[in-house]
Amino acid sequence: MTPARPSPKARVLPLAGEVITLDPGHDGGNAARPDIINSLVNVITGQKACDTVGAETDAGYPEHAFNFDVAARLARLLRRDGAKVVPTRSADNGVGPCITQRAAIGNLAHANAAISIHADGGPAGGSGFEVIEPGLVPGYTDKIVGPSRRLGLDIRNAYRAITGEPYSDYIGVSGLDVRTDLGGLNLSTVPKVFIECANMRNSADAAKLTSAAFRQQVAVALAAGFVAFLHKR
Ligand code: ZN
């Protein structure tokens with residue numbers, strides 16, 4: 001007798017019921033609209049530009065395109081695992097949104113976890129990745145510092161193991177950093193981290209970032225980090 005195969009719908013998906021906000025940094029139309037993206041917004045610990053153009057490799061592969069492609073790949077994996085994914089932008093040819101709005105989107109969604117996806121424009125001689133966690137901004141980040149720290153550790157560990165990318169050798173400590181100057185973290189009410197996936201200005205890192213196979217590995221790693229974090233709550 002052939003055992004009945006379980007129906008896919010009957011299976012409990014690993015991220016069923018979870019809401020995850022994905023924030024691909026920058027946007028493809030930013031460079032053409034300095035009038036919009038250079039306007040200042042309040043990030044609690046200071047004033048910052050609404051948004052920025054982002055980095056690019058020496059060959060001209062832009063960070064906004066990398067961030068958007070990784071977010072799209074990651075969204076597919078998370079949705080396949082049952083999560084509701086709320087992105088901060090749904091195209092790569094727009095302007096913004098402002099960093100304050102990017103945080104607000106995750107807050108309004110009551111996301112269980114959120115990530116801002118970036119690639120750094122660091123010194124050409126430096127390489128590696130880092131995860132950035134919110135520091136304590138009294139009255140703002142009090143409730144998210146602890147869970148964001150745990151999210152950051154799970155993301156860092158999965159990223160290191162699955163992509164093989166080393167910890168940054170020019171910023172942070174053991175692939176981790178804590179900052180209080182980022183609006184996307186200061187204004188978040190949900191557990192959130194940033195990741196700088198590698199250094200676009202380093203030739204070896206740039207070769208990886210330009211590879212679709214590597215970007216898929218990045219997405220797989222980030223998805224694994226979310227699963228690890230959300231299953232421990
Ligand atoms: Zn960036």
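This structure is a prediction, so every number in the text was calculated from the model and none was measured. Both backbone and side-chain heavy atoms feed into the values below; hydrogens, waters and symmetry mates do not. Every number for a ligand or one of its atoms is a count from 1 in the order of the listing. Position 1 is the first residue of the sequence, and the numbers go up from there.
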Practice problem: Identify whether the distance between the nearest side-chain nitrogen and carboxylate oxygen of Lys232 and Asp154 falls below 4.0 Å. | Solution: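 Here Lys232 pairs with Asp154 in a salt bridge, since their nearest N and O are under 4.0 Å apart.
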
Quiz item: Is a salt bridge present between Asp181 and Lys48, judged by a nitrogen-to-oxygen distance below 4.0 Å?
Solution: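 Salt bridge: yes.
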
Quiz prompt | Heavy-atom closest contact (Ile115 atom, Lys192 atom, distance) | solution =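 For Ile115 versus Lys192, the nearest heavy atoms are N-CG, 4.4 Å.
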
Quiz prompt | Shortest non-hydrogen contact between Phe229 and Arg150, atoms and distance | solution =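 Closest approach of Phe229 to Arg150, heavy atoms only: CD1-C, 4.0 Å.
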
Practice problem: Quick one: report the N, O or S atom of Glu63 that is nearest to the Zn ion (ligand 1). | Solution: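 In Glu63, the heteroatom (N, O or S) nearest the Zn ion (ligand 1) is OE2.
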
Quiz item: With a cut-off of 2.8 Å, does Asp120 place any N/O/S atom under that distance from the Zn ion (ligand 1)?
Solution: no

Quiz item: Taking the Zn ion (ligand 1) as the vertex, how big is the angle to ND1 in His118 and NE2 in His26, rounded to 10°?
Solution: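 The angle at the Zn ion (ligand 1) comes to 100°, rounded to the nearest 10°.
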
